[in-house]
There are 2 protein chains.
Amino acid sequence: MTEPAHDAEAVPAPPWERARRRAAPVRVPLTLDRIVDAAYTVLDREGYDRLSMRQVAAELGVAVSALYAHVTSKDELLDRMYARLFDGHGLPDPDPERWREQIKQYARDGRARLRAHRDMARISMARVPMTPELLPHIEQLLAVFRAAGLPDRVAAAAGDMLSTYLDGFAYEESMWEERRREAEVASWPELRAGMVEYFQSLPPDRFPHLRDLAAMMIAENNDSRFELGLDIILRGLASYIPPGHGTGEPGPAERGGDDPGQATG
Amino acid sequence: MTEPAHDAEAVPAPPWERARRRAAPVRVPLTLDRIVDAAYTVLDREGYDRLSMRQVAAELGVAVSALYAHVTSKDELLDRMYARLFDGHGLPDPDPERWREQIKQYARDGRARLRAHRDMARISMARVPMTPELLPHIEQLLAVFRAAGLPDRVAAAAGDMLSTYLDGFAYEESMWEERRREAEVASWPELRAGMVEYFQSLPPDRFPHLRDLAAMMIAENNDSRFELGLDIILRGLASYIPPGHGTGEPGPAERGGDDPGQATG
DNA sequence: TCTACCATTGAACAGTGTTCGTCGAAACGT
DNA sequence: ACGTTTCGACGAACACTGTTCAATGGTAGA
């Protein structure tokens, strides 16, 4: 949008201000942060396919080539955007009694961050989550899993499972969102209704299960679908905890047989 | 490059050949199938980033615009390539006794297909797996899950879980493959060794778990990592089967001691 | 005030997906 | 056998893309 505090600095600095060591520059200096900000603005407005260096430059009112003084390539810019995903995103200290809820909370937060910017999941999916800035996150995830009693082999795989599920789910969501957009259907419930109707119209002898479950497969709100998938993974992980570990007991120990209370979406 | 079998057919057909109803055409006709073939050739040789309409046209020795007579856009071409993934790919009839092994086999086959062509996972990931040709696949997946005794809500989510895991895992694999390629490291074990060494070199007080599990996180062969993730999901799914369903019981019912101790409900 | 620096510029290059008017060679009707 | 019609391939063009580079201008230090 418009640069904040611009009007105050656009006027030439009066001579007596020159005494100050560093007079405010006439133009707000181009920094990596401002570039990333602009990139996010373009992303939200135009989507990933239209996110181009030229658009970002235009957003800043600057020549394209100016960006390359602060960023070596578009790929690096995307990396910087990706890094922002994790600002202030972390896990509390491991609590074996509540590890499932801790992981769920972490995943919910992660999904919310991915949804906060249009097509963000596509950017996230395309980078490997092992950059140095993320090492503390991986470390703490491992801490939680090990404290819960997961065998090392399983703990080592659990982080990847979780991040794959997170990115994959969000990616899928954003794809449907895009499809809705270009189908020019106003709302998601409307698109959903059309799809369910389509599945119901299939020949019953060839697609009995699809007909039965159509309404469930295309959930009204993705939140409960997300929670269910999360639960499936967590139950699977818990099943590897050797007996004798407090609350992390596997199997049907989890109360509420079929419809476990899905936490607030 | 040069058209094959050109010299034999470039000469004008002698008059007596005209008697044949359909003389062999001077040029092999351009069909959608040949275009998809060529696209796969380019994909395997150049990778997804260099897969362009012009490259495909060049592969066929044809003008770019000629492709658009058979395909409305590059996106449709990618769709056609995606559709090939499922040729002859299917599940056997549901067998509640062996549903886990059936699903595993299906997933293994799926992963093999994704790995058969370079960057195929990137194409697969970017399309929603609900095109009409795939409906029978979804139907049969649902059949297996329901026969196994999964509650409808869970069965409806299970297919998505599986395909997200499949695509996500293969996508990640192809990203590492690409990274290895551009890092100009000869072999995967070599890259792996370097990464493990890097993790081991981290400050032990800040990254104890990462150090411990580095060698496990970056598995020597991805096969066992894939199987483990698959098992986690299947165990999670199985935990939703209400008691009283033959072999589909959660817990150690599945023979093949993966990690011994886990309590049955 | 002069100079040296360096962020910014505009133009250019080699690509991309897609469109369009033209053309040539088969296919058809006579 | 000969027009004529039809249709697919062609080449050029358009509006983009990421990236590079010599030239430039304003700022900071001497």
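Between B:Phe169 and B:Tyr165, the ring planes lie tilted relative to each other; the angle falls in the 30° to 60° range.
Note: B:Arg113 CZ to B:His89 NE2 = 5.5 Å, rounded to the nearest 0.5 Å. Between the CD1 atom in B:Ile123 and the CZ atom in B:Arg84 there is a gap of 12.0 Å [rounded to 0.5 Å].
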Please walk me through it: do A:Arg225 and B:Asp160 pass salt bridge (charged side-chain N to carboxylate O under 4.0 Å, His left out)?
CA-CA 10 Å; A:Arg225 231 180 82 237; B:Asp160 241 30; 3.0 Å; yes
Give the C-alpha distance, both sets of side-chain angles, the deciding distance and a yes or no for salt bridge (charged side-chain N to carboxylate O under 4.0 Å, His left out) between B:Asp37 and B:Arg34.
CA-CA 5 Å; B:Asp37 285 341; B:Arg34 285 188 61 224; over 6 Å; no
Check step by step if salt bridge (charged side-chain N to carboxylate O under 4.0 Å, His left out) holds for B:Asp75 and B:Arg127.
CA-CA 10 Å; B:Asp75 204 61; B:Arg127 357 240 106 219; 3.4 Å; yes
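Atom-to-atom, CG of A:Leu30 to P of D:dT27 comes out at 15 Å; the value is rounded to the nearest Å. Across the protein-nucleic acid pair, B:Leu60 atom CG and D:dC10 atom C1' stand 15 Å apart, rounded to whole Å.
Interface residues of residues 62-77 of chain B facing DNA chain C, ordered by number: B:Val64, B:Ser65, B:Tyr68, B:Ser73, B:Lys74; criterion, heavy-atom separation under 4.0 Å. Of the residues in residues 48-56 of chain B, B:Arg54 come within less than 4.0 Å of DNA chain D through at least one heavy atom, sorted by number.
Counting only distance, with no hydrogens or angles, the side chain of B:Thr131 and the backbone of B:Leu134 share no donor-acceptor pair below 3.5 Å.
For the pairing with B:Arg180, the side chain to side chain donor-acceptor pair (under 3.5 Å) check across B:Glu177, B:Glu182, B:Glu178 returns one residue only, B:Glu177.
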